[in-house]
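These notes are about the structure you will find just below.
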There are 2 protein chains.
Amino acid sequence: MLDDIDRRLLAVLVEDARLSLKELAARVGLSSPSVSERLRRLEERGVVRAYTVDIAPQALGYQLQAIVRIRPMPGRLHVVQKLIEETEAFCECDKVTGDDCFIARLFVRSIEELDRILDRIADKAETSTAIVKSQPIRRRPPPLA
Amino acid sequence: MLDDIDRRLLAVLVEDARLSLKELAARVGLSSPSVSERLRRLEERGVVRAYTVDIAPQALGYQLQAIVRIRPMPGRLHVVQKLIEETEAFCECDKVTGDDCFIARLFVRSIEELDRILDRIADKAETSTAIVKSQPIRRRPPPLA
DNA sequence: GACGTCGGTCGATATCGTCCAGCATGGCGG
DNA sequence: CCGCCATGCTGGACGATATCGACCGACGTC
């Protein structure tokens, strides 16, 4: 599905998605129109979902990051999901198998803010909160091989 | 720290980090040299950590995503952390407070692969695995406001 | 073996990025 | 209160880059 050049192209873009076509072309050993065409097709096929920017949460004042496991009370699943989605501080949420229905990541400016947000869920779900102390692995794509 | 234009710039870049300076300039109502200078400073100050590409894991053959909580056995913390870091399938790992020492995200091609990877940790740590069924919120930055 | 398709290069032209000079604004000291 | 400096913006010129069209070669099909 992806050939070797596509993979190298993606690997380069993971590092710097703003490189010029010319530079990308040089890195993978093609001409820039070819690279342009390959990118177009990767986008079209949905391999590339988006080009985006990685922003340091600290720079925005978010000093705290928490991972919350959320188990809605019977019959409250949809209400809880909606509440999570509408809370902007939740920056990632997965619906998973097992007792915990949702696992979500939360960025907050303070413990008080964390408490305030979790309080709003407290009567509809049980939550277990873990504060992030460090990130041995910060978001990376799965191996391209 | 960040003014309104910086925030709008970041908001635009989150959506498409490959837009030209000219286009970015038009979106925030400045000239392109100004935008260029603002980006340079956002990068310099560490607000922008990187420009990157969001790749669909399915396109690479990763059909399964799991979230694993990992509790190393006494004295095994560093060995376990090293093992996690060296396993490329772990694409995110946070060290957290609480009983679970690590919470990690794993991309795999099959249940067999998941089993194989967790087996390598099994004698050094207890793990609880949750398979991701859907993603109500897929990675987004915290509110820029 | 001829033909169609796909993916590539090359060169011309349009578009964009960068550099520079000059100008407006806001904060500060005399 | 006024002048001065620092900062950040703009516009235009010029070099760099993207895009488009024409063409080429490899490969698979009939």
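Chain naming here is simple, since letters A, B, ... match the order of the sequence lines and numbering starts at 1 in each.
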Item to complete: Mind listing the closest non-hydrogen atom pair of B:D94 and A:I67 along with its distance?
Response: OD1-CD1, 3.7 Å
Discussion item. Between A:S32 and D:dA18, is there a contact of a side-chain N or O with OP1 or OP2 at under 4.0 Å?
Written reply: no
Fill in: Proximity to the side chain of B:R38 - top-ranked nucleotide from C:dG11, D:dT10, D:dC9
D:dC9
Item to complete: Please report, rounded to the nearest Å, how far the C1' atom of D:dA18 is from the CG atom of B:L19.
Response: 15 Å
Worksheet item: Salt-bridged, A:D99 to A:R69, with N to O below 4.0 Å?
Response: no
Worksheet, complete the sentence: Taken to the nearest whole Å, CG/A:L21 to C1'/C:dG17 is 14 Å
Practice prompt. Could you work out which one of D:dT19, D:dC9, C:dG7 sits closest to the side chain of A:R41?
Written response: C:dG7
Item to complete: Establish, from distance only, whether the side-chain atoms of B:Y51 and B:E43 form a donor-acceptor pair under 3.5 Å.
Response: yes
Worksheet item: Please give, in whole Å, the distance from C:dG26 C1' to B:D3 CG?
Response: 15 Å
Discussion item. I need the CZ-C1' distance between B:R40 and C:dT18, as an integer number of Å.
Written reply: 13 Å
Practice prompt. Select one nucleotide: of D:dG12, D:dT19, C:dT9, the one nearest the side-chain heavy atoms of A:S34.
Written response: C:dT9
Worksheet entry | Test item: A:R8 side-chain N/O and A:V28 main-chain N/O as donor-acceptor pair under 3.5 Å | yes
Worksheet item: Are any of the side-chain nitrogens in A:R116 or A:E112 under 4.0 Å away from the carboxylate oxygens of its partner?
Response: no
Worksheet item: From the list C:dC16, C:dT9, D:dA18, which nucleotide is the closest neighbour of the side chain of A:P33?
Response: C:dT9
Worksheet item: Starting at NZ of B:K22 and ending at P of D:dA18, how long is that distance when rounded to a whole Å?
Response: 15 Å
Practice prompt. Nearest whole angstrom, please: distance from the P of C:dC10 to the CD of A:E37.
Written response: 17 Å
Practice prompt. Looking at every strand, decide which applies to A:S20 at a 4.0 Å heavy-atom threshold: base, sugar-phosphate, or nothing.
Written response: sugar-phosphate
Fill in: Whole-Å gap separating P (D:dT17) and CD (A:E23)
9 Å
Worksheet entry | Touch class at under 4.0 angstrom, heavy-atom based, for B:R18 against every strand present | nothing
Item to complete: Whole angstrom is fine here: how far is it from CZ in A:R45 over to P in C:dC6?
Response: 14 Å
